[in-house]
Each structure stands twice: as structure tokens, then as C-alpha cells.
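Worksheet: one structure, shown below.
Residue numbers start from 1 in every chain, and the chains themselves are labelled A, B, ... in the order their sequence lines are given, proteins ahead of strands.
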Protein chains: 2
Amino acid sequence: MYRQPAHRSQSAHEGWRTPDVARSGELEALIALEQIGTRLRFSRNQEIYAQGESGGFWCQVVAGAVRITKLRSDGRRHIAEFCFTGDAFGLDRAAEREFSAEAVVDAVVMRYPRAATERLIDNNPVVARLLRDMTLKSLAAAQSRLALLGRTTAGERVASFLLELSERSDDRKRVELPMCRCDIADYLGLTAETVCRELSDLKRRKVIEVSPHSVRLLERFTLEAIGDE
Amino acid sequence: MYRQPAHRSQSAHEGWRTPDVARSGELEALIALEQIGTRLRFSRNQEIYAQGESGGFWCQVVAGAVRITKLRSDGRRHIAEFCFTGDAFGLDRAAEREFSAEAVVDAVVMRYPRAATERLIDNNPVVARLLRDMTLKSLAAAQSRLALLGRTTAGERVASFLLELSERSDDRKRVELPMCRCDIADYLGLTAETVCRELSDLKRRKVIEVSPHSVRLLERFTLEAIGDE
DNA sequence: CGCCAGTTTGACCAAGATCAACGCAAGTGG
DNA sequence: CCACTTGCGTTGATCTTGGTCAAACTGGCG
């Protein structure tokens, strides 16, 4: 999995970097993309786009966190994805949005119009590759989450959620939880109460320390044993 | 969702067609792709590629059905996807395969080497677009399945599974089930027994008729009511 | 200080898993 | 051709996990 560098810039380019050596033309591609994009600011719980809207653009998180959610007619909510700095979202090209996107905390987002992006793609293979890599990354993430939701216990889900966040954290031992418990629950297919209980259980077993918006990982190894199994 | 034409050819191009008018250069793109591909035949339950292998190629189903599975160390299995005629699979470009692919029934598959595909992509925007469309389609499918696995009851899962298959079936009222009950169970995150019970329940309520490898939809409307809700 | 949203904990309940038995059709070998 | 096996499918009885409901707690913030 792609790791964030320890020192982050606030540049809109953040997250575009690939682990391998940059290919020729990549910088130009990034500049071209930045030129068609708009930088936007959203406050906590503000909607970025809504389920059912037409999707004339896609986005990338510059700072903060975004949740991609689906609300069912009976009120049940599902969170498909949490997006952090560097993550792209809203790439799908369906006629209308299947999901809505909301800021979990105050966030900065680059928004790219789809039509202009298409033109760039057709004229610049490097842009095409960037976009495809991002899409493939989303696909891989979605598929590994499918395996998680399909066949795992509540404990396993919570453990691998913490590990997933810690992979993306600056400090491997400390995980920030910008979202509330019911967001986590809707992401993991559990209830907020069960998430609480599993966190408390891990706390009782001295695997983690818990506070409402952050967790300290005391025994990563134990967590991994729970999460993989 | 994209519907199969009523009359199918056995051409490797099957499934490439898009609902809108073909873009210029599309035929050339398809021919170029076909030239780098190999046509392969697999028998029931035969492995197409294995979890952990290096993924130097991607595939497309020409005939039959393929399941994309992940086996966990403790024996629990998860099926990420069933692929039918026209579906692409193994697109991800990770160092090694996260999932394995197996023929559900005897199947014909086109296999495309990744390196040659990359060259085509860089030289031909139409090929790039085709590949990206397929990837986006897989992504959309994975995300809507996430919502399904996250927050639904056994009955809802079975109902929407039947509807999903009927969307892709020639005869809207008759669904073929090439896979066994435990495949369905591993796909829906249930047990084979629960799948059976839900099917029996729908049968009892005269919504469907069931035989081991096919289902007749008597009351599609009821099924939709169960599936959406 | 008191309020409020979010978190935590407990008691109870139900959906679905597990375990077990049986049915049934397609091989297989004598 | 018929016993026997084998792999699925179906059904029932019981148990467990996690959901539901309710109440107490906590930390920010006006």
C-alpha cells in the first residue's frame, strides 16, 4: 500500500506521487490537471455532492477527510469509503451520483471538471495513466473491503480498521479518528455500540488506549493477529 | 446497467460494445486488442490464476462464468465477483494477485498480456478509454456490492442477487445459477444453509420457483420490493 | 455551571451460524 | 443392471454474535 511521506506539503499535488521514479511528463501532467481544477473549502459535515446529482466532476482531497456515503430509503446508511489527503473520489462516470460525499472535518478539496479532464486524457497519455492508477487503487480498496465485510467478525473489522488508518498515519503508533463512532459503524457494517464495545475490549486487553478522537496502538502485533485472521 | 443483446455471438468482442454509438477508432482498438490476446479454454473449477501469483495479464470472459475468490488462512472463503460473458477481470496492477480466478463452469477466456496492453494504451486513446471504462464499471459494481454486504438482511441479499443475475440474463424471467449454493453464500456473506432457507422461503411465498441450477421469477415486483428495501 | 452531542455500558433479543440428519441425482465399479 | 459412493441441496434444532433499547457518563462550549 502507498504510504504518505512523513513530511506533508499542502500542495494539491500531494498524493499524486507514485512510489516508483516519476515518469517523464508527469510534472507537466500534474500542472495541466491543476490548471483545470478548482480549490474548494468545506466545513465539518458539509455536503460536497449529493446522491442523485449529476456528476460533472471528480475530486481529490487536499486536506482533511471526506466520507462517501449512501443513504437507503429506510434510513440505513452505508459509508463506502473514507478519503484522506491524496485520495481521489467521485471518479465514476454514471449519469447520476450513486453516493454522496461529505466533509468529515473541515476539508480542502480540488475539484476537476469531467469534460476538461477527458480532453486532457485524450491528449496526454501520462494524465490518462494517472487517472487509471487512481481508479485501480480505488478498485483494489473496494475489493479488499468487500472481503472484510463479507466474512469477518466485529472484532476483526475494528482491528483492521485501526490498522488501515495507522498505515496512513504519520505516527504509526497513534491513529486519529476524525469521524464519530457511528461513521465507523456505518463503514464497517456494525452499530456504534458494537464498535464501542470492541474498542473497549481491546482497551481492556491493553492492546490499545482509547479516547474519543484518537487511539494509541500499544500492541500492533496483537492487532494484526486479530485483523488478518 | 448494460444489457446483453438477445442474440449473442461467440466473438471475443462480445461485451466491448457500449450502449451509445461507437466512437471513431473503436473497431481498430478492438482489433488491436484482439491481436495481443490469447483465447483459452478452462473446465469447471479449473484455476485461471491463483492468489499470490504475479499478475502479468488481465482477462475477459468470452463464454461461461468465472468467480474471483479470496481464501483466508483459516479457511473462510470470499467471492468478490462473478464474471459472465463480456466482463473483464484481473485488471488490478498489484505486484501479486490478491484474489484467484476459477472457472465456475466450462469457460472461454481471452487473456491479454499487461505489457503489450500498456503499449497499446499509450499509443491509442480509444484503447485507454475502453480499459478505463471497464475499470470504472468494476469499481461501480464493487461499490454497490459494498453497500449490499454492509447493511442488509439475508433475505435482501438473496433477492438482489437474483435480480442482479436476471439483469444479465437473456430471459428476464428465468435465471441460470451456474454456481453452487456455497458459491452464492460466499458471494453474499452468508452460509449455504441460509441461502437455501431464503430461497425456500421465496418459493413458499410463490415469488420464485427453484431448481438447483435455475430459478424462475414469478413476481419480480415482490423481489424488487425485498431487494431495494 | 448546565447543556448537548457523542460515547460507553448493561440487559435482553433475534437473525443467522453451526451442527446434524436426510434427500437426491450423477457417477463408478463389480 | 444394481449396490455404493460422492457431492450438493434441503430442513430442523440449538447456540452465538451482534443488534436493539435504555440508561449513565464525558467533554466541549456558550
Side-chain angles (χ1 to χ4, degrees), chain A residues 43-45 67 72 74-79 104-106 148-162 175-205 208-215 226 229, chain B residues 43-45 67 72 74-79 102 104-106 148-159 161-162 175-205 208-215 226 229:
Chain A
S43 52
R44 185 172 124 90
N45 290 330
R67 59 173 175 260
R72 304 177 66 109
D74 61 355
R76 279 177 295 184
R77 189 182 67 153
H78 178 251
I79 296 188
V104 173
V105 290
D106 294 357
L148 187 76
L149 290 186
R151 289 240 161 273
T152 57
T153 64
E156 290 164 353
R157 293 181 198 195
V158 171
S160 42
F161 176 69
L162 292 178
V175 174
E176 298 299 319
L177 301 176
M179 69 293 287
C180 69
R181 295 289 185 274
C182 74
D183 280 354
I184 300 176
D186 288 343
Y187 180 69
L188 296 177
L190 301 169
T191 59
E193 292 94 328
T194 301
V195 171
C196 265
R197 271 188 264 271
E198 293 301 332
L199 288 175
S200 300
D201 190 50
L202 289 171
K203 183 171 64 178
R204 203 169 308 118
R205 292 158 62 186
I208 59 175
E209 281 169 5
V210 182
S211 64
H213 287 291
S214 78
V215 167
I226 299 169
E229 178 53 19
Chain B
S43 51
R44 186 173 124 89
N45 290 329
R67 61 173 174 259
R72 306 177 64 110
D74 61 357
R76 279 178 294 183
R77 188 182 67 153
H78 177 252
I79 296 187
E102 299 149 5
V104 172
V105 290
D106 295 357
L148 186 76
L149 289 187
R151 289 240 161 273
T152 58
T153 65
E156 290 164 353
R157 293 181 198 195
V158 171
F161 176 69
L162 293 178
V175 173
E176 298 298 319
L177 301 176
M179 67 295 287
C180 67
R181 295 289 184 272
C182 74
D183 280 354
I184 300 176
D186 287 344
Y187 181 69
L188 296 177
L190 302 169
T191 59
E193 291 94 328
T194 301
V195 171
C196 263
R197 272 188 261 269
E198 293 301 332
L199 287 174
S200 300
D201 190 50
L202 290 171
K203 184 172 64 179
R204 203 170 308 119
R205 292 158 60 187
I208 59 174
E209 282 169 3
V210 182
S211 62
H213 289 289
S214 79
V215 167
I226 300 169
E229 176 55 19

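One atom, CD1 of A:Ile184, and another, C1' of D:dG19, lie 18 Å apart when rounded to the nearest Å. Distance A:Leu199 CG to D:dC25 P: 20 Å, rounded to the nearest Å. Between the CG atom of A:Leu202 and the C1' atom of C:dT8 there is a distance of 15 Å, given to the nearest Å. D:dG18 atom P lies 13 Å from atom CZ of A:Arg151, rounded to whole Å. In this structure, B:Met179 places its CE atom 14 Å from P of D:dC8, rounding to the nearest Å. Spacing between atom CD of B:Glu198 and atom C1' of D:dG9 amounts to 16 Å, rounded to whole angstrom units. Computed from coordinates, the B:Leu149 CG to C:dA15 P distance equals 19 Å when rounded to whole Å. In this structure, A:His213 places its NE2 atom 16 Å from P of D:dT26, rounding to the nearest Å.
Among the nucleotides D:dG18, C:dT7, D:dG9, the one closest to the side chain of A:Ala154 is D:dG18. Nearest nucleotide to the side chain of A:Pro212, out of D:dT11, C:dT7, D:dT10: C:dT7. The side chain of A:Ser200 lies closest to C:dT9, out of C:dT9, D:dT10, C:dG16. Checking D:dC8, C:dG16, C:dG6 against the side-chain heavy atoms of A:Cys180 singles out C:dG6 as nearest. Checking D:dT20, D:dT11, D:dC8 against every side-chain atom of B:Arg44, the shortest atom distance belongs to D:dC8.
Two residues, A:Asp201 and B:Leu190, neighbour DNA chain C, and the one matched to the more 5' nucleotide by heavy-atom proximity is A:Asp201. Residues B:Asn45 and B:Glu193 both approach DNA chain D. Their nearest nucleotides, taken by heavy-atom distance, put B:Asn45 toward the 5′ side.
Across all strands shown, B:Thr191 has heavy atoms under 4.0 Å from base atoms, whether or not it also approaches the sugar-phosphate. Heavy atoms of B:Cys196 sit under 4.0 angstrom from at least one base atom. Looking at heavy-atom distances under 4.0 Å, A:Gly189 makes contact with sugar-phosphate atoms alone, never a base.
Inter-residue side-chain proximity for B:Arg157 and B:Leu149 is flagged as met; some heavy-atom pair is nearer than 4.5 Å.
Each of B:Arg67, B:Arg77, B:Arg72, B:Arg76 was checked for a salt bridge (charged side-chain N to carboxylate O under 4.0 Å, His left out) with B:Asp186, and the lone residue meeting it is B:Arg77. Under the side chain to side chain donor-acceptor pair (under 3.5 Å) rule, A:Asp201 has a single partner from A:Arg197, A:Lys203, A:Arg204, which is A:Arg204.
Between the side chain of A:Arg151 and the backbone N or O of B:Ile79, no donor-acceptor pair lies under 3.5 Å.
In this model, the phosphate group of C:dG16 is not approached by any side-chain N or O of B:Thr194 to a distance below 4.0 Å at OP1 or OP2.
Between the side chain of A:Arg197 and the base of C:dG10 there is at least one donor-acceptor pair of N/O atoms closer than 3.5 Å.
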Q: Start with the C-alpha gap between B:Thr194 and B:Leu188, add the side-chain angles, then the distance that decides, and say whether side chain to side chain contact (heavy atoms under 4.5 Å, CB included) holds.
A: CA-CA 10 Å; B:Thr194 301; B:Leu188 296 177; over 6 Å; no
